[in-house]
Asks: 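Would you mind keeping the following structure in view while I ask a few things?
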Amino acid sequence: MSDLSALPVQAYLTACLLAGVIGLWLGRVAWRERDEPGGLEVALYLLSGGGASLLYGLQIAASGELAMRVALSLATPLLGALPVLWMAFALAFTGRERWRTENRIVALTTPAFVWVLLAWSSGTHGLARRSVAPVADGPFTLLGYGLGPAGGAFVLFAYALCLAGASLVVDLYDRTGNRYRLQTFVVLLGTLFPFLAGAVTFVDVGSYGDLSWLPTAFVIHGVFLYGTVFWLGTLDAAVVARDTAVEVMQDPVIVSGSDGRIRDLNPAAESLLPPDAVGSSLSDVFPRLESGVEHPIAIGDREFDIQENPITDPRGTDRGHVFLLRDVTARERRQAELERREEELERQNERLEEFAGVVSHDLRNPLAAASAAVELARQRDGDPDGALERAANAHERMDDMIEGLLALATAGETVDDLDRVSLDGTVRRVWSRLETADATLTVEGDATALADRDRLEQLTSNLFRNAIEHAGEDVAVTVAITRGGDRAALSIGDDGPGIPAEERERVTERGVSLGGGTGLGLAIVGDIAEAHGWTLSVAESDAGGARFVIEGMEVADP
């Protein structure tokens with residue numbers, strides 16, 4: 001039995017008791033908030049370390065060998081779990097969540113589980129511990145033992161896990177910015193205690209060589225981990241996001257604290273701001289990042305949109321802001337080019353309107369005077385050689401061309417205001433206004449479509465005139481109106497000679513006429529269809545004539 005009155009024994013028991021109480025209390029607190037990333041591992045780490053410390057103290061204070069053996073056996077699984085819990089924490093802390101698969105956790109846990117079983121049964125085989133017996137070491141009486149093959153292997157395994165976890169944290173320390181280096185340094189500093197305690201325990205460096213300080217060291221390490229997770233608040237996915245995404249982003253990222261000072265920058269932001277920006281006031285370094293500034297903002301020859309997001313801790317306390325600067329230079333240049341083209345198009349439209357005005361007023365007036373003069377001459381002197389008739393025909397053709405040019409000037413303008421138009425009603429109304437002679441009209445189906453009423457009537461009128469001019473005054477025109485879902489189609493066919501297949505794609509081009517016309521009527525039809533977003537196609541009708549199909553008309557009624 002240890003001499004409980006001896007000062008070294010009292011000091012060791014006080015350390016074990018204090019470490020045990022702190023470990024169990026902080027572990028209980030951490031368990032309540034274990035939803036924090038890494039919080040579960042920290043809670044279990046503290047509980048295991050605290051429990052082991054109390055059991056090691058009990059082993060020293062025990063009055064008999066049986067109690068000492070029971071305390072050692074109960075502490076064994078707690079000691080076996082600590083390296084595995086440390087490795088699991090390191091994976092969570094450094095953002096290696098993809099490594100924390102079920103199979104890998106089982107693989108890490110299996111050696112510790114086997115070692116615990118072998119340690120409990122060492123009395124029969126000695127693979128984990130050899131010659132377990134009470135040993136007097138000064139005022140201390142404790143269980144001494146040697147390491148068996150399995151015990152030595154587990155010690156190496158435990159140190160390998162500790163080194164692997166520490167190397168992950170060191171790698172994170174190297175790759176994170178100033179904002180997170182304090183937290184990673186705290187974790188690494190706490191890791192030194194188990195390493196040093198292990199060295200003192202397994203290497204005789206002085207008095208009390210059989211005395212173990214590992215449980216107490218594990219509790220101290222756990223306190224460092226607890227402070228990192230729950231006080232400094234690093235495991236709110238910020239480290240993971242910073243490590244995996246922010247560093248490689250081409251867009252600058254600026255992190256400011258609640259005091260308005262810059263805490264961190266990614267490489268893209270570092271190249272944008274002055275070298276001493278970190279630690280400086282955000283309003284001094286970059287006043288245009290303040291809320292309410294019109295975006296985008298220009299920085300040198302580049303332009304950025306600003307996205308601002310608050311940073312809050314698990315308790316909702318304001319910790320600062322993250323500013324994401326999205327480079328929109330290419331977008332703004334495209335927008336400027338688009339605006340320039342729109343301005344140029346507006347100027348062209350204005351010139352076109354001026355031209356239409358000239359055609360309408362300055363050409364039609366003298367043309368009307370010339371036509372009147374020809375008609376007067378025919379009435380006075382007759383027209384024995386037909387010259388006046390030819391002149392009248394030329395005047396009529398010129399008038400048709402002027403009318404076509406005026407219609408062409410506005411046919412392709414964008415359609416802004418749409419009306420609910422009955423296609424059947426529009427077709428019949430347009431037909432009634434034309435001089436159709438002996439031509440006949442058949443209409444099949446109906447639909448209410450969204451269209452510019454005037455331009456739809458002009459489109460229909462041009463197709464009717466085209467049929468009468470090319471198929472004769474006794475042409476039979478068939479109009480078919482069909483619906484498919486929320487779209488309608490309008491087809492106008494005749495029984496005339498039709499259009500050769502090789503000419504169907506070009507008859508809607510400006511200036512193309514297969515029958516001596518102006519070549520503008522079908523071009524106007526194509527422009528009106530395009531302005532509405534419809535498609536125009538030319539095919540053969542059931543009667544062998546021409547058929548023009550307008551598809552993609554939006555249906556207005558349900």
Side-chain angles (χ1 to χ4, degrees), residues 1-4 6 8-9 11-13 15-16 19-20 48-49 51-87 108-164 192-221:
M1 177 179 177
S2 300
D3 184 3
L4 300 182
V9 175
Y12 183 81
L13 288 176
C16 288
S48 298
S53 293
L54 292 178
L55 290 170
Y56 263 69
L58 177 61
Q59 183 185 164
I60 298 298
S63 58
E65 181 179 350
L66 178 60
M68 296 172 66
R69 288 181 177 274
V70 170
L72 179 62
S73 297
L74 292 177
T76 298
L78 300 179
L79 293 174
L82 286 166
V84 178
L85 291 172
W86 157 246
M87 188 62 188
L108 291 176
T109 307
T110 299
F113 181 75
V114 172
W115 174 76
V116 170
L117 294 180
L118 294 176
W120 281 345
S121 59
S122 289
T124 60
H125 49 68
L127 292 177
R129 293 168 178 160
R130 292 178 177 174
S131 304
V132 180
V135 175
D137 189 357
F140 291 94
T141 299
L142 65 161
L143 289 177
Y145 54 85
L147 291 177
F154 179 73
V155 169
L156 294 177
F157 173 74
Y159 268 92
L161 289 184
C162 292
L163 288 172
L192 292 177
F193 289 90
F195 278 107
L196 294 176
V200 172
T201 299
F202 293 106
V203 179
D204 189 1
V205 294
S207 300
Y208 315 125
D210 293 322
L211 204 62
S212 176
W213 292 96
L214 273 173
T216 303
F218 280 127
V219 172
I220 296 175
H221 186 203

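Along the sequence shown, residues are numbered consecutively beginning with 1.
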Asks: Would you indicate whether the side-chain heavy atoms of P83 and F157 approach each other to under 4.5 Å?
Replies: no

Asks: Below 4.5 Å, heavy atoms only, C-beta onward: do S48 and F218 meet side chain to side chain?
Replies: no

Asks: Just how far is it from atom CG of L127 to atom CG of L147, taken to the nearest 0.5 Å?
Replies: 12.0 Å

Asks: For a quick test of reading the model, state the closest non-hydrogen atom pair linking P194 to L214 and the distance between them.
Replies: O-CD2, 3.7 Å

Asks: Kindly indicate, with the supporting measurements, whether the criterion side-chain contact (heavy atoms from CB on, under 4.5 Å) is fulfilled by T216 and F193.
Replies: CA-CA 9 Å; T216 303; F193 289 90; over 6 Å; no

Asks: Go through V70 and L58 one step at a time and tell me if the side-chain contact (heavy atoms from CB on, under 4.5 Å) criterion holds.
Replies: CA-CA 10 Å; V70 170; L58 177 61; over 6 Å; no

Asks: Which residue is it: M68, E65, R69? I am looking for the one with a side chain to side chain contact (heavy atoms under 4.5 Å, CB included) to V132.
Replies: R69

Asks: Do W115 and T76 make a side-chain contact, defined as non-hydrogen atoms from C-beta onward lying under 4.5 Å apart?
Replies: yes

Asks: Of all the heavy-atom pairs spanning L161 and M87, show the shortest one and how long it is.
Replies: O-SD, 3.8 Å

Asks: Check for me whether the distance between the ring centres of Y12 and W213 falls short of 6.0 Å.
Replies: yes

Asks: Which distance, rounded to the nearest 0.5 Å, do you find between the CD1 of I220 and the CG of L192?
Replies: 11.5 Å

Asks: Which atom names give the shortest non-hydrogen contact between S53 and A19, and what distance separates them?
Replies: OG-CB, 3.8 Å

Asks: Find out whether L72 and R129 are in side-chain contact, i.e. whether some heavy atom of one side chain is under 4.5 Å from a heavy atom of the other.
Replies: yes

Asks: If you take all heavy atoms of V116 and P77, which pair is closest and at what distance?
Replies: CG2-CA, 3.7 Å

Asks: To the nearest 0.5 Å, what is the distance between CG on L54 and SG on C16?
Replies: 8.0 Å

Asks: Closer than 3.5 angstrom, by distance alone: can the side chain of W120 be matched with the main-chain N or O of S73 as a donor-acceptor pair?
Replies: yes

Asks: So, do Y56 and L78 sit near enough that their side-chain heavy atoms are less than 4.5 Å apart?
Replies: no

Asks: Could you pull out the closest heavy-atom pair between P149 and G126, with the gap in Å?
Replies: CD-O, 4.1 Å

Asks: Begin with the C-alpha distance, continue with both residues' side-chain angles, and end with the deciding distance and a verdict on side-chain contact (heavy atoms from CB on, under 4.5 Å) for L118 and F154.
Replies: CA-CA 11 Å; L118 294 176; F154 179 73; over 6 Å; no

Asks: Which pair of heavy atoms, one from I60 and one from V9, lies closest together, and at what distance?
Replies: CG2-CG1, 4.1 Å

Asks: What distance separates S212 OG from L143 CG, expressed to the nearest 0.5 Å?
Replies: 12.0 Å

